[in-house]
Amino acid sequence: QVQLAESGGGLVQAGGSLRVSCAASVRTFSSYVMAWFRQAPGKEREFVAAIPWNSGTTYYADAVKGRFTISRDNAKNTVFLQMNSLKPEDTARYYCAAGGVQWRGYNDYTARSNYNYWGQGTQVTVSS
């Protein structure tokens, strides 16, 4: 079983930056596709970013492209999401997700059903 624990959320002003982290308990962390999703109150959980096991091609939602960067450190069993130029509409609970091991393209990486494990989330609030 994979257990995921997010951290690093908080309150930040618009235009600021924040980095959230996800630590995984599994020994075979490098075998998993890792992703970030987010969910605001009253809205569906939406895809944010994904990264394959070898840190190859990364995938981003249009709303965050150019502002957010996903990365992973397989030696430390950790995935990161660097969030820059934050906007109030980025306010949401951010969830780490794990699936595997490799998929075909963008639509596969954005599908919630392809991820088997989820963390409890960390809250990110952006004030104007």
Peer 1: Do the side chains of Leu81 and Arg38 get nearer than 4.5 Å, heavy atoms only?
Peer 2: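 No; the side chains remain at least 4.5 Å from each other.
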Peer 1: Could you tell me whether the side chains of Arg72 and Asn74 share a donor-acceptor contact shorter than 3.5 Å?
Peer 2: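 Judged by distance alone, the side chains do pair up.
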Peer 1: Would you say the side chain of Cys22 lies within less than 4.5 Å of the side chain of Trp36, judging by non-hydrogen atoms?
Peer 2: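 A side-chain contact exists here, since the closest heavy-atom pair is under 4.5 Å.
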Peer 1: With sequence neighbours excluded, tell me which residues meet salt bridge (charged side-chain N to carboxylate O under 4.0 Å, His left out) with Arg19.
Peer 2: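 Salt bridge (charged side-chain N to carboxylate O under 4.0 Å, His left out) check on Arg19 returns nothing, list empty.
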Peer 1: I'd like to know if the side chain of Thr78 and the backbone of Lys76 have a donor-acceptor N/O pair within less than 3.5 Å.
Peer 2: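 Answer holds: yes.
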Peer 1: Any idea how Tyr109 and Tyr59 line up, ring-wise: parallel (<30°), tilted (30 to 60°), or perpendicular (>60°)?
Peer 2: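 Judged by the thresholds at 30° and 60°, the geometry between Tyr109 and Tyr59 is parallel.
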Peer 1: Are Trp118 and Tyr94 an aromatic pair by the rule of ring centers under 6.0 Å?
Peer 2: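 Distance test on ring centres: not under 6.0 Å, no.
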Peer 1: Find the distance between SG (Cys96) and CD (Glu6) and round it off to the nearest 0.5 Å.
Peer 2: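 Answer for the SG-CD pair, Cys96 versus Glu6, is 5.5 Å.
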Peer 1: One pair to check against side chain to side chain contact (heavy atoms under 4.5 Å, CB included): Val2 and Asn116. What are the steps and the verdict?
Peer 2: CA-CA 9 Å; Val2 177; Asn116 306 114; over 6 Å; no
Peer 1: Measuring from atom CG of Asn77 to atom CD of Gln3, what distance do you get when rounded to the nearest 0.5 angstrom?
Peer 2: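 Output value for this atom pair is 12.5 Å.
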Peer 1: When you compare the side chain of Tyr95 with that of Thr122, does any pair of heavy atoms fall below 4.5 Å?
Peer 2: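 No; the side chains remain at least 4.5 Å from each other.
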Peer 1: Ignoring hydrogens, what is the shortest heavy-atom contact between Gly10 and Leu18? Give both atom names and the distance.
Peer 2: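 Scanning both residues, the minimum pair turns out to be N-CD2, 3.8 Å.
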Peer 1: Can Asn84 and Ser17 be counted as having a side-chain donor-acceptor contact under 3.5 angstrom?
Peer 2: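 Asn84 vs Ser17: donor-acceptor pair found between side chains.
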Peer 1: In terms of side-chain geometry, is the basic nitrogen of Asp90 or Lys87 positioned less than 4.0 Å from the acidic oxygen of its partner?
Peer 2: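 Not counted as a salt bridge, because no side-chain N and carboxylate O are separated by less than 4.0 Å.
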Peer 1: Please test Met83 against Thr69 for side chain to side chain contact (heavy atoms under 4.5 Å, CB included), starting from the C-alpha separation and ending with a verdict.
Peer 2: CA-CA 7 Å; Met83 300 179 286; Thr69 302; over 6 Å; no
Peer 1: Quick one: are Arg45 and Arg112 in side-chain contact, heavy atoms under 4.5 Å?
Peer 2: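 Yes. Closest side-chain heavy atoms under 4.5 Å.
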Peer 1: Under 6.0 Å between ring centres, would you say that holds for Phe37 and Phe47?
Peer 2: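 For Phe37 and Phe47, the ring centres are under 6.0 Å apart.
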Peer 1: Within this structure, what is the OG-CD distance for the pair Ser21 and Gln82, rounded to the nearest 0.5 Å?
Peer 2: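 So the gap between those two atoms works out to 9.5 Å.
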Peer 1: Is it true that a side-chain atom of Thr125 and a backbone atom of Thr91 form a donor plus acceptor pair closer than 3.5 Å?
Peer 2: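 The answer is no, because no donor-acceptor pair under 3.5 Å joins these two groups.
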Peer 1: Determine, step by step, whether Leu11 and Gln123 satisfy the side chain to side chain contact (heavy atoms under 4.5 Å, CB included) criterion, reporting the C-alpha distance in whole Å, the side-chain angles of both residues, the deciding distance to 0.1 Å, and the verdict.
Peer 2: CA-CA 8 Å; Leu11 176 65; Gln123 180 67 36; over 6 Å; no
Peer 1: Quickly, which of Thr58, Val20, Leu86 forms a side-chain contact (heavy atoms from CB on, under 4.5 Å) with Phe68? Name it, please.
Peer 2: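 Among Thr58, Val20, Leu86, the one meeting side-chain contact (heavy atoms from CB on, under 4.5 Å) with Phe68 is Leu86.
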Peer 1: Check the pair Val33, Ile51 against side chain to side chain contact (heavy atoms under 4.5 Å, CB included), reporting the backbone distance first and the verdict last.
Peer 2: CA-CA 6 Å; Val33 175; Ile51 185 168; over 6 Å; no
Peer 1: When rounded to the nearest 0.5 angstrom, what is the spacing between OH in Tyr106 and OG1 in Thr57?
Peer 2: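 If we round to the nearest 0.5 Å, Tyr106:OH and Thr57:OG1 are 13.5 Å apart.
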Peer 1: Between Glu89 and Val126, is there a side-chain heavy-atom distance shorter than 4.5 Å?
Peer 2: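 The answer is no, as the side chains (C-beta and beyond) never meet within the 4.5 Å cut-off.
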Peer 1: Quick check on the hydrophobic clustering: are Phe80 and Val48 connected, directly or via other members, by side-chain heavy-atom contacts under 4.5 Å?
Peer 2: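 No: no chain of side-chain contacts under 4.5 Å links Phe80 to Val48.
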Peer 1: Provide the closest heavy-atom pair for Ala92 versus Ala40 in the form atom of the first, atom of the second, distance.
Peer 2: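 Nearest pair, atom of Ala92 first, then Ala40: CB-N, 3.9 Å.
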